[in-house]
Structure formats: structure tokens, C-alpha cells
Q: 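So that we are looking at the same thing, I have put the structure below in C-alpha cells.
Whatever order the structure lists them in is the order used to number ligands and atoms, beginning at 1. Computed from heavy atoms alone, side chains included, the values below leave out hydrogens, waters and symmetry copies.
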Amino acid sequence: MNWPDLATVQAMDMADPLRACRARFTLPEGLIYLDGNSLGALPRDAPARVAAAVEEQWGSDLIASWNKHGWIEAPARLGARIAPLIGAGEDEVIVADSTSANLFKLITAACLAQPGRTTILTEPGNFPTDLYIAQGVAEVLPGRRVRTVPAGEMAAAIDGNTAVVVLTHVHYKTGAKLDMASLTAAAHAAGALILWDLSHSAGGVEVDLGGCDADLAVGCGYKYLNGGPGAPAFLYVARRWQERLRSPLTGWMGHKTPFDFGDDYAPAEGMKRFLCGTPPILGMAALDAGLDSFAGVTMAEVTAKSRSLSELLIAGIEQRCGEARFTLVTPRDPAARGSHVSVAHEHAWEICQALIAHGVVGDFRAPNVLRLGLTPLYTSHEDVWRAVEIIAAVMEAGAWRDPAYAARAAVT
Ligand SMILES: *Cc1c(COP(=O)(O)O)cnc(C)c1O
């Protein structure tokens, strides 16, 4: 693609079937937000939804709300809403806890279901929490160990000792998207289970857990699903595994009959056994509003727009910012990437801070990656075009060299 003029990108936006979705969000005027892969934007209805849960439900109906407003069913109800976005059945997804906690539950459950197998297989450079949780599971389960193998060598590395393969579908740093169908088939051919982390996939690109015959998955509610900071996460267990797996966090909300208050644990049927404690209802209200932003949208449309935006961004970085010598980290093949574009630069931190000061919000991932997220529901081609022009100007003027941009913050 040759770098287009503004009128051309505006015509692309006019032809975009998702262009009306931007009005579903509150975004600050004059800001180009390219970080929806880290914290999704505020859905316009979220404040009213949360206020209603606080004032009308909690404030007026108090404890009766658990039944009257269906609070107790919120984890399953929201799970059923996420299911079509990831190619799952409505009874295969439930909303609970954090992605980290869900990883612990499912990696442990998978290991316990495969007692003769000792290895948790994952890739080096996976998202830290995925690695740390796998290491924690290996510490609490006797005889288990974590083995890391580069994704490209994964299929050949899965063997009769592999209990579970833990992979992130779209890599948080590089944006590379793994081939879910072939890696799942490779795991199954060796008799192993596979767990997909969909944190950077759900709501950003098409996912077909069912079509790929995937066993297990987890993912975040606050990234492309727009559920708000610290939103509850989700987990998926294929129907065929639900009765065979047991959560190691045997809390009362996962009990068959929690309100019998019996002394002995017995797991609920279906996905409810993967719940642990009382669901965070206010967070669930915000996530519900986040999921409303997908109304009438197909994930095929989201994927097509994501590709169109990332093609434009890559063309801009290469053709308009060539002097800056960014190295493209994200795969060039659109089928092999998710919905963000990453570039490496020795001064990525300073450049990222300078861009934020100039109204383009991306983020930095150590040691040298600038990450630019493209959220098809609210990022326009014009946003990408303007962002590229700002990046080009900041690089050309060397604005990032200002010492003010070198100071590091606690959260990157
Ligand atoms: C964002 C992200 C997480 C976050 O886990 P939390 O428990 O929500 O902090 C986990 N895994 C991946 C791959 C992520 O990108």
C-alpha cells in the first residue's frame, strides 16, 4: 500500500461497516487512543450501568438483588455473552476472578486430569503472569515441571510427557498470532491438553475455539472487551472436559449447592464449578456495558477492519517515518498478527512519552518496544493516518530527546 492522502482515508472510514460503533464510547477530544489493547475505552453507557447497580440495586434492594436483579447468575450470563466472540458455546464460558487466577485454576485442573504426564509446556517470553502461574503450579503439584520451547518449535516438542500446553494466542509484545488449529491438533495428537490465553484476542480478532477443538482458554475483560480497569476475566472449558476437570480453588460458589451450607465440597455441574468466591457485581455491570459495544457486530467485520488499520499503520511507519529507523516487530502477514502493531527502537520509552504528550497514546514494553493498539470498534483510519503524521513529526524534530520524556513511571 502506498501512503494515502487524508481524503482517501476518510473515504475508507465512510465505507467502514463499524463506523457507527465509535459513538458507543466516550473518548477525550483531540486524543488518538492506541492503547485499547491494554485498557479498553469507556463505553458511553458504562457510568449509568454502574450507577444503576450501585444506586437502584445495591442502594434500594440490598441483599434481595442477588435474586431480584440476577446478580447470582451474572458470571454465567456474561460468559454466554462472551462466547460468540470467541467461537464457544454459551455453556462453555464463565466470567470470574482475574486472568491470572483462572490460569492457576485451569493449568492445575489440566495437570490433575493427566496424572501420568509431568510437563507444563509453554513458550519463553510468554506474558509474565502465564509463566509465573505455570511455575507456581509446578511448585504445588509434586513432580511437575515447566518447560519452555519457542513457539516455532512447539508442535514438535509436545510429547507423551506433556500434560498441558499453555500458549497466548496473540503475543502481548510482538502481536504475533499463533495458529490455533494446528497447535491444538498437535497437542491432541500427543494426548496433551491445550490452554489458550485470549487476553489480546477476545474482541480484537476472530477466534474459533470450537472450530479448532480447543480444550481450555482464559482471557481479560478490560482489554478489547472494554470492561473497565480490573474487570473480571473469563474462562472457557470445552464441554467434553467440564465434568472431568476440577478447580483447585474449591470455593463455595463452585459448589453444587452452595446454599445448603454443607461441610463437604462437591463441584457444581458445568462451568459453575470453576467459580470460587462471590462475584464482583459492580465490575460485572461495567463489563456488561463493555459487551454491549459489540451489539450487531460480527467478529469477521472486526478482523477485517483490524487488518485494514494495521496495513495502513505499517505503511505509514515504513513510508512516512523511514528516517526514524523503527524495526517492525509484528509479523508482516496480516493473517499472522492480532490487532496491535509493535515496533522496536532503542529509545522506545522516550518516543512513547513524547507521543503521549503530542496526543497519541500507545505504550512501551520493555526493553525497547513501542506498542500501538488498533481497536476496530473505535479506531478510525483517520486516527491512524493522523497518528502516523504525528509520529513522523516527533521523530523528524527529535522532540523525544527532551529530558522530560526520560523519567520512568511505575506503570508502563
Ligand atoms: C493482560 C494479560 C494478562 C493479565 O492478567 P491479569 O490477571 O488480568 O493481570 C494475562 N495474560 C496475558 C497474555 C495478557 O496479555
Q: Do NZ/NE/NH1/NH2 and the carboxylate oxygens of Glu92 and Arg240 come within less than 4.0 Å?
A: no
Q: Which residue owns the protein heavy atom closest to atom 5 (O) of ligand 1, what's the atom, and how far is it?
A: Thr99 CB, 3.5 Å
Q: Write out the residue and atom name of the closest protein heavy atom to atom 7 (O) of ligand 1, then the distance separating them to 0.1 Å.
A: Ser100 OG, 2.6 Å
Q: For ligand 1, which atoms sit closer than 4.0 Å to a heavy atom of Ser98?
A: 7 (O)
Q: I want to know if ligand 1 touches Thr129 in the polar sense, i.e. an N/O pair below 3.5 angstrom.
A: no
Q: Any atoms of ligand 1 less than 4.0 Å from a non-hydrogen atom of Ser199? List them with their elements.
A: 2 (C), 3 (C), 10 (C), 11 (N), 12 (C), 13 (C), 14 (C), 15 (O)
Q: So, for Ser339 and Pro376, which heavy atoms are closest and what is the spacing to 0.1 Å?
A: OG-CD, 3.8 Å
Q: Atoms of ligand 1 less than 4.0 Å from Thr168 heavy atoms?
A: 13 (C)
Q: At what distance is the nearest protein heavy atom to atom 15 (O) of ligand 1, and which residue and atom is it?
A: Lys223 NZ, 2.6 Å
Q: Please report the C-alpha distance between Asp383 and Ser380 in whole Å, then the side-chain angles of each, then the deciding distance to 0.1 Å, and finally whether the side chain to side chain donor-acceptor pair (under 3.5 Å) criterion is met.
A: CA-CA 5 Å; Asp383 286 333; Ser380 65; 3.2 Å; yes
Q: Is Leu183 close to Met154 at the side-chain level, that is, under 4.5 Å between some pair of heavy atoms?
A: yes
Q: Between Lys177 and Glu206, is there a salt bridge with N-O shorter than 4.0 Å?
A: no
Q: Which ligand 1 atoms, with their elements, are less than 4.0 angstrom from a heavy-atom of Tyr222?
A: 1 (C), 4 (C), 5 (O), 6 (P), 8 (O), 9 (O)
Q: Do His171 and His200 make the cut of ring centroids closer than 6.0 angstrom?
A: no
Q: Indicate, as side chain, backbone, both or neither, the part of Asp197 found under 4.0 angstrom from ligand 1 when only non-hydrogen atoms are considered.
A: side chain
Q: Measure Cys220 to ligand 1 on non-hydrogen atoms and call it side chain, backbone, both or neither using the 4.0 Å cut-off.
A: side chain
Q: Leu355 and side chain to side chain contact (heavy atoms under 4.5 Å, CB included): which single residue from Val361, Asp363, Val360, Leu34 fits?
A: Val360
Q: Quick check on ring pair (Phe, Tyr, Trp, His ring centres under 6.0 Å): which of Phe326, Phe364, Trp400 does His347 satisfy it with?
A: Trp400
Q: Any idea which part of Asp130 is under 4.0 Å from ligand 1, heavy-atom wise: side chain, backbone, both or neither?
A: side chain
Q: Would you please say whether a donor-acceptor pair under 3.5 Å links the side chains of Asp213 and Thr184?
A: no
Q: With heavy-atom distances below 4.0 Å as the criterion, list the atoms of ligand 1 near His200.
A: 15 (O)
Q: Tell me, which protein residue and heavy-atom name are nearest atom 3 (C) of ligand 1, and how many Å apart are they?
A: Phe127 CE2, 3.5 Å
